[in-house]
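Each remark here refers to the structure printed beneath this line.
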Amino acid sequence: MYWKQPDGFYEDFDNGGTYHVYRSPGTTLDPAALTLVTCAEESDETSTGGVCHDLDMPEGTHVTYAVAAVDPAGNESALSAPLVVRTGDRVAPGPVTGVKATPRADGVLVSWAASPEDDVERYVVRTGARQADGTVEWLGSASCREGTSDPLAVLCGDLPDGETYVYAVVARDRWDNVLPPGAPEVTVVEATELDVRPSVTVVRDWDLGNLGHGTVIGGPDEDGPSITWRCDTTAACEEVVGYRVSRWNTATQAYEPLHAGLLPAGARTYTDTTAARGTTHFYTLEAVRADGGVAGTYAWNCVFQDRV
(Lines give C-alpha, C1' and ligand atoms only; values in the text may rest on other atoms or scores of the structure.)
Protein backbone atom coordinates (compact mmCIF):
# COMPACT_ATOMS: atom_id res chain seq x y z
CA MET A 1 0.00 0.00 0.00
CA TYR A 2 1.13 3.54 -0.77
CA TRP A 3 -0.15 6.77 0.73
CA LYS A 4 0.53 10.48 0.85
CA GLN A 5 1.39 12.59 3.89
CA PRO A 6 -1.75 14.18 5.38
CA ASP A 7 -1.86 17.96 5.65
CA GLY A 8 -0.39 19.31 8.85
CA PHE A 9 1.44 16.10 9.79
CA TYR A 10 4.92 17.14 8.73
CA GLU A 11 6.08 18.43 12.13
CA ASP A 12 4.62 15.44 13.99
CA PHE A 13 6.29 13.05 11.59
CA ASP A 14 9.65 14.78 11.92
CA ASN A 15 9.42 14.43 15.71
CA GLY A 16 8.70 10.71 15.83
CA GLY A 17 5.27 10.36 14.29
CA THR A 18 4.46 7.28 12.23
CA TYR A 19 1.63 5.42 10.46
CA HIS A 20 -0.49 2.41 11.34
CA VAL A 21 -1.85 0.17 8.61
CA TYR A 22 -4.97 -1.85 9.37
CA ARG A 23 -6.91 -4.51 7.52
CA SER A 24 -10.17 -6.35 7.95
CA PRO A 25 -11.57 -9.32 5.99
CA GLY A 26 -14.08 -8.75 3.21
CA THR A 27 -14.86 -5.89 0.88
CA THR A 28 -15.84 -3.32 3.53
CA LEU A 29 -13.80 -1.99 6.41
CA ASP A 30 -15.08 -3.54 9.65
CA PRO A 31 -13.93 -1.47 12.69
CA ALA A 32 -14.63 -4.45 14.94
CA ALA A 33 -12.36 -6.79 13.00
CA LEU A 34 -9.29 -4.64 12.36
CA THR A 35 -5.84 -6.21 12.41
CA LEU A 36 -2.74 -4.06 12.79
CA VAL A 37 -0.46 -4.96 9.88
CA THR A 38 3.20 -5.65 10.51
CA CYS A 39 4.81 -4.10 7.47
CA ALA A 40 7.82 -5.84 5.94
CA GLU A 41 11.27 -4.50 6.75
CA GLU A 42 11.75 -3.01 3.29
CA SER A 43 8.76 -0.71 3.82
CA ASP A 44 9.61 2.98 3.95
CA GLU A 45 8.07 6.04 5.52
CA THR A 46 9.04 9.54 4.43
CA SER A 47 7.93 13.08 5.01
CA THR A 48 5.79 12.83 1.89
CA GLY A 49 4.03 9.54 2.63
CA GLY A 50 4.71 5.86 3.06
CA VAL A 51 4.58 2.32 1.74
CA CYS A 52 3.74 -0.96 3.44
CA HIS A 53 4.36 -4.49 2.18
CA ASP A 54 1.89 -6.82 3.91
CA LEU A 55 3.37 -10.32 3.63
CA ASP A 56 0.92 -11.87 6.06
CA MET A 57 -2.39 -11.27 4.30
CA PRO A 58 -4.72 -14.27 3.86
CA GLU A 59 -4.62 -15.97 0.45
CA GLY A 60 -7.41 -16.08 -2.08
CA THR A 61 -9.84 -13.61 -0.56
CA HIS A 62 -10.80 -9.95 -0.32
CA VAL A 63 -9.28 -7.77 2.37
CA THR A 64 -9.81 -4.08 3.06
CA TYR A 65 -7.01 -1.77 4.18
CA ALA A 66 -6.92 1.66 5.83
CA VAL A 67 -4.10 3.84 7.16
CA ALA A 68 -3.96 6.16 10.19
CA ALA A 69 -1.37 8.83 10.99
CA VAL A 70 0.04 8.56 14.53
CA ASP A 71 1.59 11.55 16.33
CA PRO A 72 4.57 11.26 18.73
CA ALA A 73 2.19 10.90 21.72
CA GLY A 74 0.47 7.89 20.13
CA ASN A 75 -2.71 9.68 19.07
CA GLU A 76 -4.17 8.27 15.84
CA SER A 77 -5.94 10.20 13.14
CA ALA A 78 -9.17 9.03 11.64
CA LEU A 79 -8.69 6.15 9.20
CA SER A 80 -8.08 6.87 5.55
CA ALA A 81 -10.53 5.92 2.85
CA PRO A 82 -10.59 2.10 2.57
CA LEU A 83 -8.76 0.17 -0.16
CA VAL A 84 -10.15 -3.23 -1.21
CA VAL A 85 -7.64 -5.82 -2.47
CA ARG A 86 -8.18 -9.28 -3.91
CA THR A 87 -5.22 -11.27 -2.61
CA GLY A 88 -3.37 -13.86 -4.65
CA ASP A 89 -3.45 -17.62 -4.28
CA ARG A 90 -2.04 -20.80 -5.74
CA VAL A 91 -5.40 -22.45 -6.40
CA ALA A 92 -6.65 -22.86 -9.96
CA PRO A 93 -10.22 -21.75 -10.72
CA GLY A 94 -12.77 -24.54 -10.72
CA PRO A 95 -13.99 -26.35 -13.85
CA VAL A 96 -15.75 -24.30 -16.51
CA THR A 97 -19.36 -25.37 -17.10
CA GLY A 98 -21.75 -25.20 -20.03
CA VAL A 99 -19.10 -26.12 -22.61
CA LYS A 100 -20.51 -26.72 -26.09
CA ALA A 101 -18.90 -27.40 -29.48
CA THR A 102 -20.98 -26.55 -32.55
CA PRO A 103 -19.67 -27.46 -36.04
CA ARG A 104 -19.99 -24.71 -38.64
CA ALA A 105 -18.85 -24.13 -42.21
CA ASP A 106 -15.99 -21.96 -40.91
CA GLY A 107 -14.86 -24.14 -38.00
CA VAL A 108 -16.19 -25.32 -34.66
CA LEU A 109 -17.75 -22.76 -32.34
CA VAL A 110 -16.75 -23.52 -28.74
CA SER A 111 -18.78 -21.70 -26.08
CA TRP A 112 -19.08 -21.88 -22.30
CA ALA A 113 -20.63 -20.30 -19.22
CA ALA A 114 -18.84 -17.61 -17.22
CA SER A 115 -16.93 -18.76 -14.17
CA PRO A 116 -18.43 -17.58 -10.86
CA GLU A 117 -14.96 -16.99 -9.41
CA ASP A 118 -13.82 -13.41 -9.01
CA ASP A 119 -10.18 -13.70 -10.04
CA VAL A 120 -10.54 -15.20 -13.54
CA GLU A 121 -8.50 -13.19 -16.04
CA ARG A 122 -9.10 -15.20 -19.21
CA TYR A 123 -10.15 -18.55 -20.64
CA VAL A 124 -8.00 -21.03 -22.54
CA VAL A 125 -9.54 -23.35 -25.13
CA ARG A 126 -7.61 -26.52 -25.91
CA THR A 127 -8.11 -28.81 -28.91
CA GLY A 128 -7.24 -32.48 -28.73
CA ALA A 129 -7.36 -35.68 -30.74
CA ARG A 130 -8.58 -38.87 -29.13
CA GLN A 131 -6.13 -41.75 -29.46
CA ALA A 132 -6.88 -45.42 -30.06
CA ASP A 133 -6.50 -46.19 -26.36
CA GLY A 134 -9.03 -43.52 -25.41
CA THR A 135 -6.52 -40.94 -24.19
CA VAL A 136 -6.37 -37.43 -25.62
CA GLU A 137 -3.38 -35.81 -27.26
CA TRP A 138 -3.75 -32.07 -26.67
CA LEU A 139 -2.79 -30.07 -29.74
CA GLY A 140 -2.68 -26.60 -28.25
CA SER A 141 -4.85 -23.52 -28.60
CA ALA A 142 -3.32 -21.85 -31.66
CA SER A 143 -6.19 -22.90 -33.94
CA CYS A 144 -8.83 -21.20 -31.75
CA ARG A 145 -9.35 -17.54 -32.59
CA GLU A 146 -11.18 -14.96 -30.52
CA GLY A 147 -13.51 -12.35 -31.88
CA THR A 148 -14.65 -9.06 -30.38
CA SER A 149 -18.28 -9.48 -29.32
CA ASP A 150 -18.48 -12.60 -27.12
CA PRO A 151 -15.86 -13.22 -24.40
CA LEU A 152 -17.34 -16.68 -23.77
CA ALA A 153 -16.83 -18.20 -27.22
CA VAL A 154 -14.09 -18.82 -29.76
CA LEU A 155 -13.97 -20.29 -33.24
CA CYS A 156 -11.63 -23.25 -33.61
CA GLY A 157 -10.25 -25.22 -36.52
CA ASP A 158 -8.83 -24.84 -39.97
CA LEU A 159 -10.36 -26.51 -43.03
CA PRO A 160 -13.63 -28.24 -41.99
CA ASP A 161 -12.99 -31.65 -43.52
CA GLY A 162 -14.97 -34.01 -41.33
CA GLU A 163 -12.37 -34.72 -38.65
CA THR A 164 -13.36 -35.36 -35.04
CA TYR A 165 -11.75 -33.44 -32.18
CA VAL A 166 -12.27 -32.95 -28.46
CA TYR A 167 -12.32 -29.56 -26.78
CA ALA A 168 -11.68 -28.38 -23.23
CA VAL A 169 -12.08 -24.92 -21.73
CA VAL A 170 -10.15 -23.95 -18.60
CA ALA A 171 -10.13 -20.68 -16.65
CA ARG A 172 -6.83 -18.97 -15.86
CA ASP A 173 -6.76 -16.54 -12.94
CA ARG A 174 -4.66 -13.41 -12.63
CA TRP A 175 -2.06 -15.40 -10.71
CA ASP A 176 -1.63 -17.80 -13.67
CA ASN A 177 -3.29 -20.71 -11.87
CA VAL A 178 -5.07 -23.01 -14.33
CA LEU A 179 -6.28 -26.59 -14.42
CA PRO A 180 -4.62 -28.84 -17.02
CA PRO A 181 -7.07 -29.83 -19.79
CA GLY A 182 -6.66 -33.49 -18.90
CA ALA A 183 -7.66 -33.03 -15.25
CA PRO A 184 -10.52 -35.41 -14.35
CA GLU A 185 -12.79 -32.56 -13.26
CA VAL A 186 -12.46 -30.67 -16.57
CA THR A 187 -15.38 -31.06 -18.97
CA VAL A 188 -14.35 -32.41 -22.37
CA VAL A 189 -16.72 -32.26 -25.35
CA GLU A 190 -16.35 -33.97 -28.70
CA ALA A 191 -17.45 -32.71 -32.11
CA THR A 192 -17.07 -33.78 -35.73
CA GLU A 193 -16.40 -31.01 -38.23
CA LEU A 194 -18.59 -30.50 -41.24
CA ASP A 195 -17.05 -31.75 -44.47
CA VAL A 196 -17.32 -28.83 -46.88
CA ARG A 197 -14.82 -30.02 -49.50
CA PRO A 198 -15.82 -29.87 -53.19
CA SER A 199 -16.97 -32.99 -54.98
CA VAL A 200 -14.64 -32.19 -57.91
CA THR A 201 -10.93 -32.85 -57.56
CA VAL A 202 -8.61 -30.31 -59.18
CA VAL A 203 -5.15 -31.38 -60.28
CA ARG A 204 -2.59 -28.86 -59.06
CA ASP A 205 0.13 -28.49 -61.72
CA TRP A 206 1.32 -24.93 -61.12
CA ASP A 207 5.05 -24.78 -61.86
CA LEU A 208 5.35 -21.14 -62.83
CA GLY A 209 6.51 -19.48 -59.61
CA ASN A 210 5.84 -19.05 -55.92
CA LEU A 211 2.36 -18.29 -54.52
CA GLY A 212 1.07 -16.94 -51.20
CA HIS A 213 -2.42 -16.95 -49.71
CA GLY A 214 -4.25 -17.12 -46.41
CA THR A 215 -5.80 -20.34 -45.14
CA VAL A 216 -7.78 -18.94 -42.18
CA ILE A 217 -8.78 -15.26 -42.03
CA GLY A 218 -11.58 -13.30 -40.47
CA GLY A 219 -10.18 -10.14 -38.95
CA PRO A 220 -12.33 -6.99 -39.10
CA ASP A 221 -9.96 -5.31 -41.57
CA GLU A 222 -9.76 -8.23 -44.02
CA ASP A 223 -11.66 -7.66 -47.26
CA GLY A 224 -11.74 -11.31 -48.25
CA PRO A 225 -9.54 -14.22 -49.31
CA SER A 226 -6.60 -13.17 -51.46
CA ILE A 227 -3.71 -14.73 -53.33
CA THR A 228 -0.46 -13.43 -54.75
CA TRP A 229 1.68 -15.22 -57.32
CA ARG A 230 4.75 -14.98 -59.51
CA CYS A 231 5.47 -16.18 -63.00
CA ASP A 232 9.18 -16.92 -63.28
CA THR A 233 9.39 -19.75 -65.80
CA THR A 234 10.46 -17.70 -68.81
CA ALA A 235 9.29 -19.85 -71.70
CA ALA A 236 5.94 -20.80 -70.16
CA CYS A 237 5.21 -17.31 -68.82
CA GLU A 238 5.80 -15.69 -72.20
CA GLU A 239 2.83 -17.67 -73.51
CA VAL A 240 0.49 -16.57 -70.70
CA VAL A 241 -1.97 -13.90 -71.83
CA GLY A 242 -3.96 -13.69 -68.63
CA TYR A 243 -5.17 -15.37 -65.45
CA ARG A 244 -8.50 -16.72 -64.30
CA VAL A 245 -9.62 -17.06 -60.66
CA SER A 246 -12.60 -19.32 -60.05
CA ARG A 247 -14.55 -20.21 -56.90
CA TRP A 248 -16.42 -23.39 -56.08
CA ASN A 249 -20.23 -22.97 -56.21
CA THR A 250 -21.93 -25.52 -53.99
CA ALA A 251 -25.27 -24.94 -55.73
CA THR A 252 -23.99 -25.78 -59.22
CA GLN A 253 -21.23 -28.11 -58.01
CA ALA A 254 -18.71 -26.38 -60.25
CA TYR A 255 -15.84 -23.90 -60.18
CA GLU A 256 -17.05 -20.60 -61.67
CA PRO A 257 -14.93 -17.57 -62.73
CA LEU A 258 -15.09 -14.58 -60.39
CA HIS A 259 -14.46 -11.97 -63.09
CA ALA A 260 -15.36 -11.27 -66.70
CA GLY A 261 -12.66 -12.21 -69.18
CA LEU A 262 -9.11 -12.75 -68.00
CA LEU A 263 -7.02 -10.85 -65.50
CA PRO A 264 -4.13 -9.08 -67.29
CA ALA A 265 -0.91 -10.98 -68.00
CA GLY A 266 0.86 -8.66 -65.56
CA ALA A 267 -1.56 -9.34 -62.71
CA ARG A 268 0.06 -10.82 -59.60
CA THR A 269 -2.64 -10.57 -56.93
CA TYR A 270 -6.37 -11.04 -56.52
CA THR A 271 -8.78 -10.51 -53.61
CA ASP A 272 -12.25 -12.02 -53.55
CA THR A 273 -14.26 -9.12 -52.13
CA THR A 274 -17.53 -10.97 -52.81
CA ALA A 275 -16.71 -13.87 -50.48
CA ALA A 276 -19.15 -14.32 -47.61
CA ARG A 277 -17.93 -14.57 -44.03
CA GLY A 278 -18.79 -17.65 -42.05
CA THR A 279 -17.89 -20.23 -44.66
CA THR A 280 -15.00 -21.93 -46.42
CA HIS A 281 -14.21 -20.99 -50.00
CA PHE A 282 -12.37 -23.10 -52.58
CA TYR A 283 -10.53 -21.53 -55.50
CA THR A 284 -8.51 -22.25 -58.60
CA LEU A 285 -5.96 -19.97 -60.25
CA GLU A 286 -5.30 -20.71 -63.92
CA ALA A 287 -2.61 -19.23 -66.18
CA VAL A 288 -4.19 -19.10 -69.64
CA ARG A 289 -2.41 -19.18 -73.01
CA ALA A 290 -3.56 -17.40 -76.18
CA ASP A 291 -5.09 -20.60 -77.58
CA GLY A 292 -7.24 -20.99 -74.44
CA GLY A 293 -5.08 -23.72 -73.01
CA VAL A 294 -3.97 -23.64 -69.40
CA ALA A 295 -0.25 -23.34 -68.63
CA GLY A 296 -0.70 -24.06 -64.92
CA THR A 297 -3.42 -24.55 -62.34
CA TYR A 298 -3.27 -23.94 -58.61
CA ALA A 299 -6.04 -24.92 -56.18
CA TRP A 300 -6.41 -23.65 -52.62
CA ASN A 301 -8.97 -23.02 -49.93
CA CYS A 302 -9.55 -20.26 -47.39
CA VAL A 303 -11.70 -20.36 -44.27
CA PHE A 304 -13.27 -16.91 -44.01
CA GLN A 305 -14.38 -17.02 -40.40
CA ASP A 306 -17.18 -15.00 -38.88
CA ARG A 307 -15.54 -14.73 -35.48
CA VAL A 308 -17.69 -14.03 -32.46
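The structure presented is a predicted model; accordingly, all values stated were derived computationally and were not measured.
By the neighbour-count criterion of 12 heavy atoms within 6.0 Å, atom CD of Glu11 is sparsely surrounded, having that number or fewer from other residues, nucleotides or ligands. Counting non-hydrogen atoms of neighbouring residues, nucleotides and ligands closer than 6.0 angstrom, the CG atom of Asp7 reaches no more than 12 such neighbours. For CZ of Arg230, the number of neighbouring non-hydrogen atoms (other residues, nucleotides, ligands) closer than 6.0 Å is 12 at most.
Residue Val202 is grouped with residue Val196 when hydrophobic side chains (ILVMFWY) are merged at heavy-atom distances under 4.5 angstrom, including chains of intermediate members. Val37 and Val70 fall into different hydrophobic clusters, where Ile, Leu, Val, Met, Phe, Trp and Tyr residues are linked whenever their side-chain heavy atoms come under 4.5 Å apart, directly or through other members. Note on Val63 and Leu83: same hydrophobic cluster, where clusters join Ile, Leu, Val, Met, Phe, Trp and Tyr whose side-chain heavy atoms are under 4.5 Å apart, directly or indirectly. Both Val125 and Val99 belong to a common hydrophobic cluster when Ile, Leu, Val, Met, Phe, Trp and Tyr are linked at side-chain heavy-atom distances under 4.5 angstrom. Residues Leu159 and Val200 are members of one and the same hydrophobic cluster, defined by side-chain heavy-atom contacts under 4.5 angstrom among Ile, Leu, Val, Met, Phe, Trp and Tyr.
Panel note: side chain Thr233, backbone Asp207; a donor-acceptor pair is recorded below 3.5 Å. At distances below 3.5 Å, not a single donor-acceptor pair connects side-chain atoms of Thr269 with backbone N or O atoms of Thr228. In this structure, Gln305 contributes its side chain and Gly218 its backbone to no donor-acceptor pair below 3.5 Å. Without hydrogens or angle criteria, Thr64 side chain to Gly26 main chain gives a donor-acceptor distance under 3.5 Å. Side-chain N or O atoms of Asp173 include none that pairs as donor or acceptor with a backbone N or O of Pro93 at under 3.5 Å. When atom types are taken as modelled, the side chain of Asn177 and the backbone of Asp89 share a donor-acceptor pair closer than 3.5 angstrom. Without hydrogens or angle criteria, Glu238 side chain to Ala235 main chain gives no donor-acceptor distance under 3.5 Å. With hydrogens and angles disregarded, a donor-acceptor distance shorter than 3.5 Å links the side chain of Thr87 to the backbone of Pro58. One N or O on the side chain of Asp106 and one on the backbone of Asp306 form a donor-acceptor pair closer than 3.5 Å.
Counting heavy atoms from C-beta on, the side chains of Arg104 and Leu155 come closer than 4.5 Å. Side chains of Glu193 and Asp161 form a contact here, defined as non-hydrogen atoms less than 4.5 Å apart. Between Val169 and Val124 there is no side-chain heavy-atom pair separated by less than 4.5 Å. Taking 4.5 Å as the limit, every side-chain heavy atom of Thr35 sits out of range of all side-chain heavy atoms of Ser24. Counting heavy atoms from C-beta on, the side chains of Leu285 and Trp206 come closer than 4.5 Å. Under the 4.5 Å side-chain criterion, counting only non-hydrogen atoms from C-beta, Met1 is in contact with Val21. Contact check for Tyr10 versus Asn15: no side-chain heavy atoms found under the 4.5 Å cut-off. Taking the side chain as every heavy atom from C-beta outward, Leu34 and Arg23 never approach each other to under 4.5 Å.
Checked against the 6.0 Å centroid criterion, the rings of Tyr243 and Trp229 qualify as a close aromatic pair. In this structure, Trp248 has its ring center no closer than 6.0 Å to that of Tyr283.
The pair Glu59-Arg90 meets the salt-bridge criterion, since a charged nitrogen lies less than 4.0 angstrom from a carboxylate oxygen. Note on Arg145 versus Asp158: salt bridge recorded, some NZ/NE/NH1/NH2 to OD/OE distance being below 4.0 Å. Ionic pairing of Arg247 and Glu256 is not present here: no N-O contact between side-chain nitrogen and carboxylate oxygen is shorter than 4.0 angstrom. Look at Arg172 and Glu121 and you find no salt bridge, because none of the NZ, NE, NH1 or NH2 atoms lies under 4.0 Å from a carboxylate O.
In this structure, the separation between CD on Glu239 and CG on Leu208 is 10.5 Å, given to the nearest 0.5 Å. Rounding to the nearest 0.5 Å places CD1 of Ile217 at 4.5 Å from CD of Glu222. For the atom pair Asp232 CG and Asn210 CG, the distance stands at 7.0 Å (nearest 0.5 Å). The distance from atom SG of Cys39 to atom NE2 of His53, rounded to the nearest 0.5 Å, is 9.0 Å. With values rounded to the nearest 0.5 angstrom, Arg126 atom CZ is found 7.0 Å from Trp138 atom CH2. Interatomic distance, CG of Asp272 versus OG of Ser226, reported as 9.5 Å (0.5 Å rounding).
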Under the salt bridge (charged side-chain N to carboxylate O under 4.0 Å, His left out) criterion, do Asp119 and Arg86 qualify, and how do the steps go?
-> CA-CA 8 Å; Asp119 61 344; Arg86 170 63 163 84; 3.1 Å; yes
CA sep, side-chain torsions, deciding dist, call: Arg307, Glu146, salt bridge (charged side-chain N to carboxylate O under 4.0 Å, His left out) = CA-CA 7 Å; Arg307 298 174 189 167; Glu146 297 180 355; over 6 Å; no
Do Val189 and Val166 pass the side chain to side chain contact (heavy atoms under 4.5 Å, CB included) test, and can you show the C-alpha distance, the side-chain angles, and the key distance before you say yes or no?
-> CA-CA 5 Å; Val189 297; Val166 296; over 6 Å; no
Residue pair Glu76, Tyr22: steps toward the side-chain hydrogen bond (donor to acceptor under 3.5 Å, both in side chains) verdict = CA-CA 12 Å; Glu76 287 193 358; Tyr22 295 94; 2.4 Å; yes
Could you please spell out the steps behind the ring-ring contact (aromatic ring centres under 6.0 Å, His included) verdict for Tyr298 and His213?
-> CA-CA 11 Å; Tyr298 183 79; His213 56 81; 5.6 Å; yes
Between Tyr123 and Val96, does a side chain to side chain contact (heavy atoms under 4.5 Å, CB included) hold up when you go through it step by step?
-> CA-CA 9 Å; Tyr123 298 92; Val96 175; 4.1 Å; yes
Pair Thr215-Cys302, side chain to side chain contact (heavy atoms under 4.5 Å, CB included): steps then yes or no | CA-CA 4 Å; Thr215 55; Cys302 185; over 6 Å; no
Criterion side chain to side chain contact (heavy atoms under 4.5 Å, CB included) on Leu109 and Val308, from CA distance to verdict | CA-CA 9 Å; Leu109 179 67; Val308 292; 3.9 Å; yes
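Looking at every heavy atom in both residues, Val245 comes nearest to His259 through N-NE2, 2.9 Å. The two residues Arg244 and Leu262 come nearest to each other via the heavy atoms NH1-CD2, 3.7 Å. Summarising the geometry of Val240 relative to Ala265, their closest heavy-atom pair is O-CB, 3.7 Å, with the distance given to 0.1 Å. Across all non-hydrogen atoms, the minimal contact from Ala105 to Pro160 is O-CG, 3.5 Å. Closest approach of Leu179 to Gly94, counting heavy atoms only: CD1-C, 4.1 Å. The minimum heavy-atom distance linking Gly224 with Thr271 is given by the pair O-CG2, 3.8 Å.
Among Phe9, Tyr19, Tyr65, the single residue meeting the ring-ring contact (aromatic ring centres under 6.0 Å, His included) criterion with Trp3 is Tyr19.
A donor-acceptor pair shorter than 3.5 Å can be found between the side chains of Thr164 and Thr192.
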